[in-house]
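Dumping the structure here so I can ask a few things about it.
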2 protein chains.
Amino acid sequence: MSLPEALVASLTALLGTRFSQTNADRDHHAQSESFHRAPPPDAVAWPKTTEEVSQIMAACSAAGVPVIAWGAGTSLEGHALAYSGGVTLDLTQMDKVVQIRPEDMQVTVQPGVTREALNTELRATGLFFPVDPGANASLGGMAATRASGTTAVRYGTMRDNVLALQVVLADGRIIRTGSRAVKSSAGYDLTALFLGSEGTLGIITELTLKLFGQPEEVASAVCAFVTLDDAVECVSATIQSGIPMARIEFVDAATACAFNQREGTTLPESPHLMIEFHGSPNGVREDAGRFGEIAAEFGAKDFDWATTAEDRARLWRMRHGAYHACLALRPGASGVVTDVCVPMSELPAAVHAAADDIAAEGLIGPIVGHVGDGNFHSLMLVDPGNPDEIAAAKRVAKKMAERALAVGGTITGEHGIGVGKRDLMAAQHGDAWAVMGAIKQALDPQNILNPGKMVPDRN
Amino acid sequence: MSLPEALVASLTALLGTRFSQTNADRDHHAQSESFHRAPPPDAVAWPKTTEEVSQIMAACSAAGVPVIAWGAGTSLEGHALAYSGGVTLDLTQMDKVVQIRPEDMQVTVQPGVTREALNTELRATGLFFPVDPGANASLGGMAATRASGTTAVRYGTMRDNVLALQVVLADGRIIRTGSRAVKSSAGYDLTALFLGSEGTLGIITELTLKLFGQPEEVASAVCAFVTLDDAVECVSATIQSGIPMARIEFVDAATACAFNQREGTTLPESPHLMIEFHGSPNGVREDAGRFGEIAAEFGAKDFDWATTAEDRARLWRMRHGAYHACLALRPGASGVVTDVCVPMSELPAAVHAAADDIAAEGLIGPIVGHVGDGNFHSLMLVDPGNPDEIAAAKRVAKKMAERALAVGGTITGEHGIGVGKRDLMAAQHGDAWAVMGAIKQALDPQNILNPGKMVPDRN
């Protein structure tokens with residue numbers, strides 16, 4: 001489909017060179033971190049202000065043309081791919097930190113600010129924004145997918161850390177949700193509704209976030225376990241003991257091997273936990289000591305405490321590089337990434353079953369996880385030209401999701417639905433999926449916001 | 001209006017004596033803790049199961065008759081009053097604790113279970129449910145109003161502590177929202193949407209809640225300040241210092257006086273803070289010591305540490321009795337309760353301005369607050385037969401709400417909208433209020449769920 005001439009004229013008048021129909025710009029927005037691929041959008045727009053987003057939406061609404069929001073392009077389920085064509089709204093130029101309010105421990109940002117850029121800007125204030133999905137994602141994109149990551153066990157997810165939003169609706173109206181108060185009972189929780197809506201209900205153009213004091217003391221470590229079960233059961237026991245961890249990450253033997261190859265480390269090729277404690281010097285010492293006792297019961301060894309800030313940064317850079325380190329285990333491979341999350345008591349069995357399934361299909365599929373939340377991923381390395389391998393990986397992914405649902409968990413802990421998980425929405429939600437469809441219909445009657453995603457097809 | 005005969009027949013057949021049209025039963029459900037009054041509903045139904053709720057909703061939907069959910073009747077804004085008649089759905093007989101899962105620190109309950117009943121049931125597990133609005137409210141009602149209370153500063157509100165819901169929709173369909181995983185990115189956050197929807201989108205028939213380990217050590221204290229500003233600024237300073245408090249409550253001089261009259265205490269008649277710390281013995285000692293240093297800077301004195309469990313229970317019983325203790329300051333009076341919540345940095349000025357407004361109108365209006373959240377209440381004691389006093393109190397309430405909005409806060413931190421705050425929804429939400437109306441229209445097209453509340457009137 002090509003765009004109506006009148007729409008092209010009005011968006012060109014509005015945005016000048018920030019509106020493009022060139023193949024290079026379109027193709028750039030047809031790419032994805034994962035194996036999902038789609039045709040490019042018909043055009044790309046780079047707004048700088050909420051008012052421009054509003055005018056773009058009004059124009060596209062009048063023309064009935066799809067609009068797909070684009071953040072940093074780091075999503076893993078093809079969320080921002082333009083399967084129905086239309087205009088991709090690239091928000092990278094809305095990258096201003098609008099206001100820091102240290103006394104309220106809050107910041108207001110535009111959606112294109114990345115989490116790393118925000119934390120650089122905050123450094124002098126003694127505050128930081130803790131949600132950390134690994135990738136240097138945009139905060140708008142993190143909000144739109146209800147992202148979380150390594151620190152959710154302590155600081156929560158985007159659901160817990162967004163106080164207020166400015167949103168442009170399908171017809172161009174601009175609304176504000178939430179407030180700067182830390183709690184409110186004033187009506188439907190529209191903030192929560194837009195968080196995780198993946199661009200299907202509105203375009204987030206401003207976010208007010210909670211900040212936290214940079215911890216007085218930080219202690220990080222990595223330790224090895226003999227078996228996967230030992231490591232995962234150690235996590236369950238630690239959670240139940242109430243020890244406040246800032247991070248507790250599982251990586252399996254294959255991932256440790258990938259780290260060694262890419263980072264030059266000499267980790268034993270066995271399952272590991274990577275942990276971090278935040279607090280006062282006494283508190284951190286006490287917490288680390290108690291964790292050490294529990295870990296010893298599960299046979300932990302090779303404790304390596306990162307004592308300097310540089311060592312800690314290297315430790316978490318390694319963890320955050322797991323995706324690319326694992327991809328390098330098989331040059332040329334694409335990743336099929338899973339993202340289930342289960343109740344803590346179900347975690348050991350779920351990880352074990354996933355590992356067995358991957359082995360039974362003969363796939364390479366390292367497992368890592370934010371196991372303090374019951375959330376884990378396998379990254380199955382498939383030859384993108386081999387349909388049998390892709391099918392095998394998808395079989396494993398489906399089994400993992402079904403097993404998560406059977407024990408009361410979820411098909412996605414933090415990556416979101418995109419195109420990769422939509423087939424599982426009916427199984428996850430039953431009749432509640434139709435309720436999501438009714439809300440979508442109410443807010444976007446023309447179905448122009450990221451169409452073909454999230455909700456059931458309309459009849 | 002009277003109910004259609006066919007509806008009466010079908011509900012009688014379904015529920016027997018658990019369906020009533022007697023004046024006594026109807027009148028009981030026309031009462032409210034606050035000054036709001038309404039005509040009674042046409043009938044009252046006491047379902048015991050989700051399936052019965054579903055059948056009631058289907059029958060009322062077919063007849064176009066309103067349905068108003070009723071929990072413990074402790075709401076303060078007339079949420080459950082039947083202004084348009086219809087059937088009040090009294091959920092007190094749905095009072096089963098369905099399943100406790102200690103290993104996941106979760107419990108599933110029916111909506112009529114009260115928070116005190118739940119905590120009694122949990123005592124032997126070492127776990128507790130922390131959200132504590134003071135009143136022994138039902139958990140369904142607390143969810144429907146997104147309640148919080150004294151412990152939100154540490155444990156969060158109902159928004160943070162409800163993992164999953166079972167909900168009966170307007171047409172009788174039964175859905176489940178959320179999951180037992182602690183986080184999920186699987187689609188629109190319907191759990192959050194129903195939390196705080198005050199019975200206007202569906203009837204909550206089951207809730208899965210997060211639980212917490214009973215703290216190893218607890219320390220509570222009350223201390224006096226010379227001025228209101230000193231007390232409130234001490235709270236701001238404490239929050240910014242990052243000291244983890246389990247509770248930090250402000251009561252003003254008038255409330256201290258009410259406690260003395262009702263409880264026989266001998267508190268100085270000046271502003272007070274009531275505080276509590278939860279944690280390990282070392283952690284609590286460290287936190288309490290750091291708080292003591294900050295409080296001393298603001299001139300705190302008369303520190304009274306509650307060292308036994310009995311003393312602590314008495315302290316918080318006293319705080320929770322503030323509403324009735326203050327009402328007793330003026331026998332025969334009704335209370336006009338306010339509930340604003342503002343960013344922490346705005347709290348001292350907001351409390352001060354409210355106190356000035358109350359004094360300027362010549363009203364008695366003690367102020368208490370969950371000041372760790374920036375949330376505070378005045379309880380203005382008015383003669384229910386004196387329209388001038390009621391008008392004066394409402395003027396003060398409106399000013400407080402408008403002032404809260406002007407500084408980025410909210411018209412209600414925890415009580416909800418009901419009938420008392422609906423006039424302020426447009427000011428709070430602007431065009432977002434219409435979005436709430438669109439969602440209501442999508443989920444309840446006949447407008448039978450608690451009609452006349454929450455959303456704009458339909459054209």
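Just so we're on the same page: letters track the sequence lines, and every chain starts at 1.
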Under 4.5 Å from any heavy atom of chain B - which part of A/R159: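 When you check distances to chain B, atoms from both the backbone and side chain of A/R159 fall under 4.5 Å.
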
Heavy-atom proximity to chain A below 4.5 Å, by part of B/H429: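 Both the backbone and the side chain of B/H429 come within 4.5 Å of chain A.
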
Between B/A181, B/P215, B/A442, B/G374, the one whose heavy-atom pairs under 4.5 Å with chain A are most numerous: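 Ranked by heavy-atom pairs under 4.5 Å with chain A, first place is B/A181.
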
Top of A/G213, A/G242, A/S197, A/G178 for chain B proximity - count of heavy-atom pairs under 4.5 angstrom: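 Highest number of heavy-atom pairs under 4.5 Å: A/S197.
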
Contacting region of A/K453 [heavy-atom separation from chain B under 4.5 Å]: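 Interface part for A/K453: neither.
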
Part of B/A404 lying under 4.5 Å from any heavy atom of chain A: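 When you check distances to chain A, no heavy atom of B/A404 falls under 4.5 Å.
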
Heavy-atom side-chain contact between A/E103 and B/M344 under 4.5 Å: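 SC-SC contact between A/E103 and B/M344 ruled out.
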
Spacing of B/D104 atom CG and A/Q240 atom CD [to the nearest 0.5 Å]: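 B/D104 atom CG to A/Q240 atom CD measures 7.5 Å (nearest 0.5 Å).
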
Heavy-atom proximity to chain B below 4.5 Å, by part of A/A434: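 For A/A434, side-chain heavy atoms alone lie under 4.5 Å from chain B.
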
Shortest non-hydrogen contact from B/G187 toward A/I417: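 The pair with the smallest heavy-atom distance is N-CG1, 3.8 Å.
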
Exam field: side chain B/D431 to backbone A/I175, donor-acceptor pair closer than 3.5 Å: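 A pair under 3.5 Å: no.
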
B/D189 to A/A192 - nearest heavy-atom pair and separation: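 In this case the closest contact between B/D189 and A/A192 is CB-O, 3.6 Å.
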
Interface moiety of A/H415 toward chain B, non-hydrogen atoms closer than 4.5 Å: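 Backbone only.
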
Residue part contacting chain A, namely of B/M425, when any heavy atom lies under 4.5 Å: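 Just its side chain gets close to chain A.
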
Contacting moiety of B/L424, where chain A heavy atoms sit under 4.5 Å: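 No part of it gets close to chain A.
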
Choice from A/L163, A/T200, A/L169 maximising heavy atom contacts with chain B below 4.5 Å: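 The answer is A/T200.
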
Within-4.5 Å side-chain heavy-atom neighbours: A/V455 and B/Y188: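 Yes, their side chains come closer than 4.5 Å.
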
Pick from B/S148, B/A438, B/G409, B/G413 with the largest number of heavy-atom pairs that fall under 4.5 Å of chain A: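 Of the candidates given, the most pairs with chain A belong to B/G413.
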
Contacting moiety of A/R176, where chain B heavy atoms sit under 4.5 Å: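 Contact with chain B involves the backbone of A/R176 alone.
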
Top contributor to chain B interface from A/A147, A/G430, A/G416, A/S241 [non-hydrogen pairs under 4.5 Å]: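 Among the listed options, the one with the most contacts to chain B is A/G416.
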
Atom pair CG/OG of B/N375 and A/S184 - distance to nearest 0.5 Å: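 B/N375 atom CG to A/S184 atom OG measures 9.5 Å (nearest 0.5 Å).
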
Shortest non-hydrogen separation from B/A186 to A/I411 and the atoms involved: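 For B/A186 and A/I411, the tightest heavy-atom pair comes out as CB-CG1, 4.1 Å.
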
A/E286 and B/S280, any side-chain heavy atoms less than 4.5 Å apart: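 Contact flag for B/S280/A/E286 side chains = yes.
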
Side chains of B/K183 and A/T157, donor plus acceptor under 3.5 Å: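 Result is no, nothing qualifies.
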
Side-chain donor or acceptor of B/S185 paired with backbone N/O of A/R146 under 3.5 Å: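 Checking the backbone N and O of A/R146 against the side chain of B/S185, a donor-acceptor pair under 3.5 Å is found.
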
Heavy-atom side-chain contact between B/I439 and A/L443 under 4.5 Å: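 They are in contact (side-chain heavy atoms under 4.5 Å apart), so the answer is yes.
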
Gap between atom CD1 of A/I239 and atom CE of B/M105 - 0.5 Å precision: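 Nearest 0.5 Å value for the CE-CD1 distance: 9.0 Å.
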
Largest heavy-atom contact set with chain A, pairs under 4.5 Å, which of B/P244, B/G196, B/C341: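 When all of B/P244, B/G196, B/C341 are compared, B/C341 has the most.
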
Residue part contacting chain B, namely of A/L190, when any heavy atom lies under 4.5 Å: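 A/L190 touches chain B through side-chain heavy atoms alone.
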
Contact origin within A/E414 toward chain B - heavy atom pairs under 4.5 Å: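 Contact with chain B: backbone and side chain both.
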
Which of B/N282, B/L193, B/L201, B/D160 touches chain A most, by non-hydrogen pairs under 4.5 Å: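 Going by pairs under 4.5 Å, I would pick B/L201.
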
Which portion of A/E216 sits near chain B, non-hydrogen atoms under 4.5 angstrom: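 The answer is neither part of A/E216.
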
